[in-house]
Structures are given as C-alpha cells and as structure tokens.
Amino acid sequence: MLDRKLLRENPEILRDALRKRNYDISVVEELISLEQQVRSLKREIDDLRAEKNKISKEISKVRRENGNVETLMREAKRLDDRLAEIENKLPEKESILYEKWLYLPNIPHESCPVGSSSENNVVVRTWSKPREFNFTPKPHWDLGEALEIMDFKLAGEISGSRFAIYKNEGAELERALINFFLDENKKKGYQEILPPTLVKEEAMYVSAHLPKFREEMYYASEDQLFLIPTAETILANLYRDEIIEESDLPQYFMAFTPCYRREAGSYGKDVRGIIRVHQFNKVELFKFTKPEDSYDELEKMVNDAEDLLKLLGIPFRVVLLCTGDMGFAASKTYDIEVWAPGLGRWLEASSCSNTETFQTRRARTRMRRRDGKIEFPHALNGSGLATPRVFISILENFQEKDGSVVIPEVLRPYMGGKDVILPRKER
RNA sequence: GGAGGGGUGGCCGAGUGGUUGAAGGCGCACGAUUCGAAAUCGUGUAUCCUCCUAAUCGGGGAUCGUGGGUUCAAAUCCCACCCCCUCCGCCA
C-alpha cells in the first residue's frame with residue numbers, strides 16, 4: 001500500500017510508476033477525485049462533531065448547575081440529523097477508495113530497468129560455468145524415477161498433477177537442503193521462526209497477496225483460513241500494529257515452511273517433474289530495516305542467498321528484474337536463477353525484493369526515530385532458498401553417466417556422510 | 001464441541017453514562033542534587049487523521065480487542081464477532 005498523500009502532493013510519481021508497470025493510469029484521476037471527496041466529507045463531519053461535543057459538554061455543565069437543558073438538547077438533536085446524513089455517505093466512498101488503493105502496485109525504484117517483459121531483465125552477474133558433459137544430461141524426472149527417489153505416478157494418484165513424492169535418498173536430500181539452508185542463514189544472523197501455514201484473511205492483506213491474488217491461494221472455507229503461498233506472509237505480520245525502536249533495526253528473520261500455490265493460469269506449463277508444483281518447501285528470509293539502509297540490505301540478502309548456491313557448487317546467475325516483470329509489492333527485485341543442464345534452462349530459485357513501506361504500511365508496522373519521530377520502516381523478503389529448483393539443479397548438474405548423482409560435499413554431513421546416490425540395485 | 005471468566009497506554013492496574021485520552025504505580029527520557037552513582041525531587045512520556053505555520057507551538061476529530069446499536073453524551077449499557085484463560089469432553 002502506498003502513501004495516500006501522493007494523490008495530493010505528487011500524483012505524477014504514481015502515473016509514472018503505473019506506466020512503467022504497464023498499468024492503466026486513468027485510475028489516478030479517479031483516485032484523486034475520490035480522495036478529495038473523502039477528505040472534504042471527513043472535514044465536514046469533524047466540524048459538526050466538534051460543535052456537538054461542545055454542546056454535550058455544555059449540557060453536562062448546565063445540568064450540574066440544575067439549569068434547563070431543553071434548548072441545548074434540541075440543538076444537539078438538530079446537529080445529529082445533519083451529521084447522520086453526511087456520515088452515511090462516508091463509509092461508501094471511503095471503502096471504494098480503499099479497495100482501489102489496495103490494487104495499486106508498488107513504485108519501482110529508479111535503479112530498476114524499465115521494460116515490459118522478462119526480455120528487459122538484466123543479468124548482473126553469473127557464477128561458475130555450466131559443466132561440460134560427455135553424455136547427454138537427463139532431466140531430473142528421469143533421474144529421480146530411475147534412482148527411485150521420486151515418484152510422480154504415485155503422487156498423481158494420491159494428490160493429482162503437480163505434486164511430488166520424495167522417497168529414500170530423495171526425501172533425505174530434501175531434508176538436508178532445508179537444514180543446510182537454515183544453519184547457514186543462522187550464521188548470518190537470521191532468527192528462526194517456525195510458523196503456522198494456515199492464516200486468516202487479514203494477514204494475507206499485509207503481505208499484499210490479497211486482495212489481488214486470491215485465485216492463487218488455497219482456501220479452507222469451512223474455517224476461513226488460507227494456506228500460505230510463502231512464509232513471507234507470516235513474516236510480514238511479525239510486527240503488526242507495533243512500533244519498533246530505531247535502535248532495534250535492522251531485524252533479520254527466516255522461516256522454513258511448505259508453500260502452497262494453486263498455479264491457476266499456468267495450465268500445461270512446466271507440468272513435468274518439480275519445476276512448478278502446488279506444494280514445495282522454502283526457507284524464507286525477511287528483514288525490517290531503516291529506510292536509508294534498505295537497498296544495501298537488499299544487496300546483502302541477495303549475497304546471502306548466493307552464498308548457499310556457491311557452497312553447493314551450483315552455477316547460477318543473478319537477474320535484476322525490469323519494471324514490467326516485477327511483483328506487485330516490490331520496489332526492486334533480484335532473481336537468482338540456477339542452471340539445469342537436463343532441462344537446458346535457467347530456473348528461478350530465489351527472488352529477493354525490497355518492498356520499502358508497501359507491506360509495513362499495511363501491517364501498521366512503524367519505527368520510532370531517536371528523536372521520537374514515527375515513520376514506516378522498510379521490509380525485504382527473499383528466498384534462501386526454495387528447494388525444488390535447487391533439488392533439480394543438484395540432480396541434473398551432478399549426475400554421472402550411469403545415472404548416479406554425486407551429493408554436494410556440504411550436504412553430506414546432513415545425509416549420514418553419504419557422497420553419492422546410486423541406482424537402487426547397487427545400494 | 002459444552003460451561004464459566006476476561007480483553008484499558010511500553011508494562012501492571014483503577015475506572016459510579018457527563019471537564020476521563022483515561023487515576024495510581026512501574027519503566028523510560030530530560031533536568032536538579034552528587035566528585036560520580038544509588039536514593040530523592042521536578043518535568044515530560046500513546047497513536048492515527050486533519051487544519052494552521054517556513055518550522056516549532058497551537059486548533060479540531062478519532063481511537064480503552066473489532067464492528068454495530070441505545071443516548072444530547074459510552075471505556076462504562078445492549079448485540080455480534082475475534083482473541084486469551086479455567087473446567088468438562090475429544091484427541092496426535
């Protein structure tokens with residue numbers, strides 16, 4: 001959510017932001033007029049209430065002195081009628097304005113490349129060279145099924161398409177990744193949170209997954225609870241309705257959770273394997289920072305995520321998203337893409353964003369400066385990391401000609417010292 | 001799921017329908033005292049919106065879990081919902 005003062009003080013910033021994101025800018029005029037109406041209604045109401053409060057106090061005083069209050073009462077009632085008339089108009093206008101306001105995306109940072117699609121994204125750096133194979137590398141679904149560490153047929157029967165079952169070393173590898181991510185991030189100062197994965201509707205508004213992205217989430221209607229699409233939802237709510245002292249910033253958090261996404265609208269896309277699944281595991285990173293520090297903190301967060309891949313030895317590249325490709329809540333986003341030689345393409349394994357005050361406004365999370373001034377801190381989120389594409393990348397990058405997969409060294413302590421996943425019969 | 005109790009400022013805690021945005025205490029900040037500290041004394045200490053101002057100051061409105069209602073007037077009365085606690089039932 002943006003600062004409503006923009007409508008009065010600098011609507012051009014809004015139009016510019018919407019243009020960069022390929023949104024229709026005509027909504028701005030509509031909002032300006034709505035905001036003016038709401039504000040003038042509020043003023044009228046405030047003035048009338050002030051008058052009425054005065055009379056009420058007068059009544060109280062006259063009563064105490066045993067005077068006659070009838071004239072005053074009549075005056076108060078008359079004001080009441082006028083008030084009721086105006087007060088009735090306000091909630092309607094206010095809610096229209098609020099609803100529309102919630103649908104406005106965040107303002108892109110000036111350092112973001114302007115462009116309309118992923119083609120305008122900028123690769124800022126690439127780490128390590130993709131390995132040369134002297135055989136044709138297989139996709140992870142072939143490797144996974146042959147090694148009997150993944151079962152897509154069974155998952156399909158039990159849960160449907162876009163679900164996976166991990167077995168044996170597959171399950172172990174998944175668990176190893178999660179623990180490895182958590183342990184490494186902890187060294188960087190991220191506090192661990194283990195949250196619920198079902199949340200109330202109001203919490204979803206804070207992260208800005210609502211109202212716009214209702215269709216992308218699973219909903220337990222009986223209990224009116226949403227399954228989280230990411231732990232970002234939870235972490236953005238950590239300081240809801242609270243004021244953080246400036247001296248307590250920055251704050252780093254991480255949370256491991258399963259993530260649930262309906263993937264509506266991506267029918268027929270990435271249906272094989274675990275490139276795009278309805279349920280996956282992710283360790284999410286989250287920061288609350290002072291506004292002046294947030295862009296440095298974003299760089300650090302990206303580096304933290306990159307470090308995980310470096311330790312694993314997985315080739316990756318860092319991509320700065322252009323304005324048209326950025327998420328709704330983001331001011332600036334870096335994606336980290338890992339190389340998947342079996343698929344022959346880069347896969348997004350992390351997305352790190354600065355949302356500035358977009359989420360903290362919705363959460364009413366504020367910070368108090370040393371001089372007592374109140375303002376909104378910035379909030380940042382990033383994956384550190386989501387497992388499926390790292391899993392893919394490990395299988396596909398570290399496969400051998402015989403179909404076995406070498407386990408990255410840093411994961412071996414998490415897998416009882418095992419260094420390779422061999423085909424079933426050889427185990 | 002059934003029965004009961006409760007939600008007030010950073011925290012504890014008072015609050016007869018009317019100068020209560022809210023006593024008192026703790027905490028915190030600043031000042032005095034002190035060689036310095038403790039103790040003591042003094043002052044200050046919620047947030048949001050809005051108007052005025054260059055800014056400070058100041059004016060107005062709103063907020064005592066949330067939303068509605070009664071009333072000239074609600075923290076206080078009524079209704080609904082949310083949350084917390086206790087007991088019973090069920091249960092990993």
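Order of the sequence lines sets the chain letters (A, B, ...), proteins ahead of strands, with each chain counted from 1. Since this is a predicted model, take the numbers as computed values, not measurements.
In this structure, the CG atom of A:Asn53 is 14 Å from the C1' atom of B:U63, given to the nearest Å. Protein atom CG of A:Asn237 is 15 Å distant from nucleotide atom C1' of B:C82, rounded to whole Å. We find that CD of A:Glu87 is positioned 11 Å from C1' of B:A62, with the value rounded to whole Å. One atom, NZ of A:Lys54, and another, P of B:G60, lie 8 Å apart when rounded to the nearest Å. The CG-C1' distance, from A:Asp371 to B:C30, rounds to 15 Å in whole Å. Distance, A:Arg364 CZ to B:G65 P: 16 Å, rounded to whole Å. When rounded to the nearest whole Å, the span between CD1 of A:Ile244 and P of B:G10 equals 14 Å. Atom pair A:Arg240:CZ and B:G65:P shows a separation of 17 Å (rounding to whole Å applied).
Between A:Lys418 and A:Glu169, at least one side-chain N (NZ, or NE/NH1/NH2) sits under 4.0 Å from a carboxylate O, which counts as a salt bridge. Note on A:Arg82 versus A:Glu44: no salt bridge recorded, every NZ/NE/NH1/NH2 to OD/OE distance being 4.0 Å or above. Comment: A:Arg366 does not engage A:Glu245 in a salt bridge, judged by the lack of any side-chain N to carboxylate O separation of less than 4.0 angstrom. The pair A:Arg412-A:Asp419 does not count as a salt bridge, with every side-chain nitrogen at least 4.0 angstrom from each carboxylate oxygen. Using a cutoff of 4.0 Å between basic side-chain nitrogens and carboxylate oxygens, A:Glu94 and A:Arg4 are scored as salt-bridged. Checked for salt-bridge contact, A:Lys290 and A:Glu246 meet the test: a charged N lies under 4.0 Å from a carboxylate O.
Between the CD1 atom in A:Ile394 and the CZ atom in A:Arg389 there is a gap of 15.0 Å [rounded to 0.5 Å].
Look at the P atom in both B:C48 and B:C57: the space between them is 14 Å, to the nearest Å. Distance check on atom P: B:A62 versus B:G4 gives 36 Å, rounded to whole Å. Spacing of C1' atoms, B:A23 relative to B:C12, comes out at 14 Å, to the nearest Å. Separation of the P atoms belonging to B:C28 and B:C82 is 39 Å when rounded to the nearest angstrom. B:C30 and B:C83: their P atoms are spaced 41 Å apart (whole Å). For B:U86 and B:C79, the P atoms lie 26 Å apart once the distance is rounded to whole Å. Look at the C1' atom in both B:A39 and B:U34: the space between them is 11 Å, to the nearest Å. Look at the P atom in both B:A14 and B:G89: the space between them is 33 Å, to the nearest Å.
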Strand RNA chain B in bracket notation, Watson-Crick/G-U under 3.5 Å with | for pairs to another chain:
((((((((.[[[..)..(.....]]]((((((.......))))))((((((......)))))).[[[[[..)....]]]]])))))))....
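Ring-centre distance between A:Phe163 and A:Phe152: not below the 6.0 Å cut-off.
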Got a list of protein N/O to nucleotides 43-53 of chain B N/O distances below 3.5 Å?
{"residue": "B:U47", "atom": "O3'", "partner": "A:Arg366", "partner atom": "NH1", "Å": "3.1"}
{"residue": "B:U47", "atom": "O2'", "partner": "A:Arg366", "partner atom": "NH1", "Å": "3.1"}
{"residue": "B:U50", "atom": "OP1", "partner": "A:Arg8", "partner atom": "NH2", "Å": "2.6"}
{"residue": "B:C51", "atom": "OP1", "partner": "A:Arg39", "partner atom": "NH1", "Å": "3.3"}

Sort me out a list of protein N/O and nucleotides 72-76 of chain B N/O pairs below 3.5 Å, or just none if empty.
{"residue": "B:C72", "atom": "OP1", "partner": "A:Lys77", "partner atom": "NZ", "Å": "3.0"}
{"residue": "B:C72", "atom": "O3'", "partner": "A:Lys52", "partner atom": "NZ", "Å": "3.4"}
{"residue": "B:C72", "atom": "O2'", "partner": "A:Ser56", "partner atom": "OG", "Å": "3.3"}
{"residue": "B:C72", "atom": "N4", "partner": "A:Arg63", "partner atom": "NH1", "Å": "3.4"}
{"residue": "B:A73", "atom": "OP1", "partner": "A:Lys52", "partner atom": "NZ", "Å": "2.6"}
{"residue": "B:A73", "atom": "O4'", "partner": "A:Ser56", "partner atom": "OG", "Å": "3.4"}

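Using cut-offs of 30° and 60° on the angle between ring planes, the pair A:Phe253 and A:Phe288 is perpendicular.
Residues that satisfy the salt bridge (Lys or Arg N to Asp or Glu O under 4.0 Å) test with A:Asp325, not counting sequence neighbours, are absent from this structure.
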Donor-acceptor pairs are to be reported for all side-chain atoms of residues 176-188 of chain A against protein atoms at under 3.5 Å, with residues two or more places apart or in another chain.
{"residue": "A:Asn179", "atom": "ND2", "partner": "A:Arg175", "partner atom": "O", "Å": "3.3"}
{"residue": "A:Asp183", "atom": "OD2", "partner": "A:Tyr414", "partner atom": "OH", "Å": "2.7"}
{"residue": "A:Glu184", "atom": "OE2", "partner": "A:Lys187", "partner atom": "NZ", "Å": "3.0"}
{"residue": "A:Asn185", "atom": "ND2", "partner": "A:Phe181", "partner atom": "O", "Å": "3.0"}
{"residue": "A:Asn185", "atom": "ND2", "partner": "A:Gly384", "partner atom": "O", "Å": "2.9"}
{"residue": "A:Lys188", "atom": "NZ", "partner": "A:Asp307", "partner atom": "OD2", "Å": "3.1"}

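Residue pairs meeting the ring-ring contact (aromatic ring centres under 6.0 Å, His included) criterion with at least one member in residues 76-109 of chain A, sequence neighbours excluded: A:His109-A:Tyr295.
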